[in-house]
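One structure below.
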Amino acid sequence: MARALRLCPSLLVVSGHYRDYSTMSDQVMDRLHRVSGLVEQISIDEAFLDVSDTPEPVEQLARRVQTQIHAELSLPCSVGVAGNKLVAKIATEVGKMSARGDGPPMARTIVPAGAEAAFLAPLPAEMLWGVGPKTAARLAELGIRTIGDLARWPEKDLETRFGEWGRDLARRARGEDLRPVVSEHDVKSMSQETTFARDVSDDKELERTLRDLAAQVGRSLRRSELAGKTVKLKLRWPDFTTLTRQSTLSSPTDDDVEIFQTAVKLLHSVRKSGQPVRLVGVGVSALSEPIRQLGLWDANTDRNRRLQDAVDQLRERYGREIIQHAKTP
DNA sequence: TCTGGGGTCCTAGGACCC
DNA sequence: TCTGGGGTCCTAGGACCC
């Protein structure tokens with residue numbers, strides 16, 4: 001039964017150490033795709049591979065992948081192998097942490113089927129996916145410090161305290177994870193934000209920044225052939241409190257000006273003129289394919305569209321700075 | 001890490017409709 | 001007309017991840 005394989009795949013997480021180089025990322029992912037048809041990239045330097053259909057023994061496979069990437073690309077990488085994504089990810093982390101010696105770690109950590117809970121038990125609860133500082137603190141109040149502590153805690157009680165999330169927590173602590181490796185994720189939102197070197201009080205400067213961010217978001221949307229229906233403004237005051245305001249449009253947009261105008265309206269609704277701001281951001285969500293309808297009233301829209309395409313192309317070729325908005329006096 | 005940027009998911013409340 | 005329940009959408013904020 002093919003299904004059974006999905007429930008217990010053998011997984012590798014490869015973790016490179018090249019956070020700054022996206023072309024490196026492409027090259028590594030290219031190598032990984034030769035190993036398995038099912039690769040899930042989870043960040044610039046990490047990916048899950050479903051190797052349950054690969055005849056080669058996983059230990060040998062893991063070594064081969066690691067050696068190949070190191071030899072061909074001069075990149076160190078760590079590999080974790082386990083029956084599911086959760087444990088494979090943690091295995092990789094554990095390997096990296098326990099790697100000794102100079103230079104970046106080249107660890108291989110393999111957790112055999114059935115040994116998941118025992119492998120996780122001594123590790124700190126924060127190593128579980130989804131347990132950050134806040135949850136860790138709440139767990140510590142109960143005397144729960146390791147994943148083993150968590151696994152021993154009555155699941156019903158976790159459910160009472162944490163709701164649905166408590167049940168997930170209990171499952172994860174036992175090393176259970178049924179999520180399949182998926183090669184493609186739909187993008188849910190796109191955003192751009194910037195933190196100012198100093199607080200900005202000038203309305204015009206703020207709006208210029210907003211216009212620039214909106215243009216960047218618009219360009220990302222067009223490049224991905226997506227449009228968004230909800231525009232979100234993010235603001236951070238000098239005291240670091242952060243707020244968001246969003247507005248849903250009547251139809252999805254990928255237009256710089258529409259994104260900007262929506263964002264600036266939101267800005268005016270929460271900020272008094274002259275009020276200092278530390279960070280400003282613009283995002284677009286509720287993404288779908290852009291709807292382009294050309295009707296009686298759309299000659300103008302069509303012209304804007306062609307203009308925007310031309311600007312995109314210029315910027316693609318000569319950089320973002322090549323075309324600027326005329327500064328308002 | 002007195003704090004960068006771009007994401008995801010979850011929760012909770014209110015509006016609105018049937 | 002009043003009341004209530006449930007579903008869905010929208011909004012805002014928070015926790016978390018890399």
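Reminder, nothing fancy here: chain letters follow the sequence lines and each chain counts from 1.
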>> Each nucleotide in nucleotides 6-13 of chain B should get exactly one letter: B, S or -. Can you fill that in based on protein heavy atoms under 4.0 Å?
In response: SSSS----

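Between A:Arg271 and A:Asp203 there is a salt bridge, with a side-chain nitrogen of the basic residue lying less than 4.0 Å from a carboxylate oxygen of the acidic one. Between A:Glu46 and A:Lys89 there is a salt bridge, with a side-chain nitrogen of the basic residue lying less than 4.0 Å from a carboxylate oxygen of the acidic one. A salt bridge is defined here as a Lys NZ or Arg NE, NH1 or NH2 lying under 4.0 Å from an Asp or Glu carboxylate O, and A:Asp30 with A:Arg34 meets this definition. Under 4.0 Å is where a charged nitrogen must lie from a carboxylate oxygen, and between A:Arg64 and A:Glu59 no such pair does. Ion pairing between a basic and an acidic side chain is recognised when a charged N comes within 4.0 Å of a carboxylate O; A:Glu205 and A:Arg198 show such pairing. Between A:Arg278 and A:Asp199, at least one side-chain nitrogen of the basic residue sits less than 4.0 Å from a carboxylate oxygen of the acidic one, meeting the salt-bridge criterion. Using a 4.0 Å cut-off between charged nitrogen and carboxylate oxygen, A:Glu159 and A:Lys156 count as a salt-bridge pair.
Spacing between atom CD of A:Glu126 and atom P of C:dA15 amounts to 16 Å, rounded to whole angstrom units. Distance CD1 (A:Ile42) to C1' (C:dC17): 10 Å, rounded to an integer number of Å. Per the geometry, CD belonging to A:Glu93 stands 11 Å off P belonging to C:dC17, to the nearest Å. Rounded to whole Å, the distance from CZ on A:Arg198 to P on B:dG4 is 16 Å. Rounded to an integer number of Å, the gap from CD of A:Glu40 to C1' of C:dC17 is 14 Å.
Residues from residues 129-138 of chain A placing a heavy atom under 4.0 Å of any atom in DNA chain C, listed by number, are A:Trp129, A:Gly130, A:Val131, A:Gly132, A:Pro133, A:Lys134, A:Thr135.
Counting any heavy atom pair closer than 4.0 Å across all strands shown, A:Leu128 reaches sugar-phosphate atoms only and no base atom.
Residues A:Gly80 and A:Ala91 share a closest heavy-atom pair of CA-CB, 4.1 Å. Here the closest non-hydrogen pair linking A:Ser36 and A:Val51 is CB-CG1, 4.2 Å.
Look at A:Phe240 and the base of B:dT3; the rings stack, centres closer than 5.5 Å and planes less than 30° apart.
In this structure the side chain of A:Thr54 never reaches within 4.5 angstrom of the side chain of A:Val35, judged on heavy atoms.
For the residue pair A:Ser52 and A:Asp50, a side-chain donor N or O sits within less than 3.5 Å of a side-chain acceptor on the partner.
In terms of position along DNA chain C, the nucleotide closest to A:Ser247 lies nearer the 5' end than the nucleotide closest to the other residue of the pair A:Lys89 and A:Ser247.
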> Could you spell out the base pairing of DNA chain C in dot-bracket, with Watson-Crick or G-U pairs whose two distances are under 3.5 Å, [ ] crossing and | to another strand?
Replying inline: ....||||||||||||||

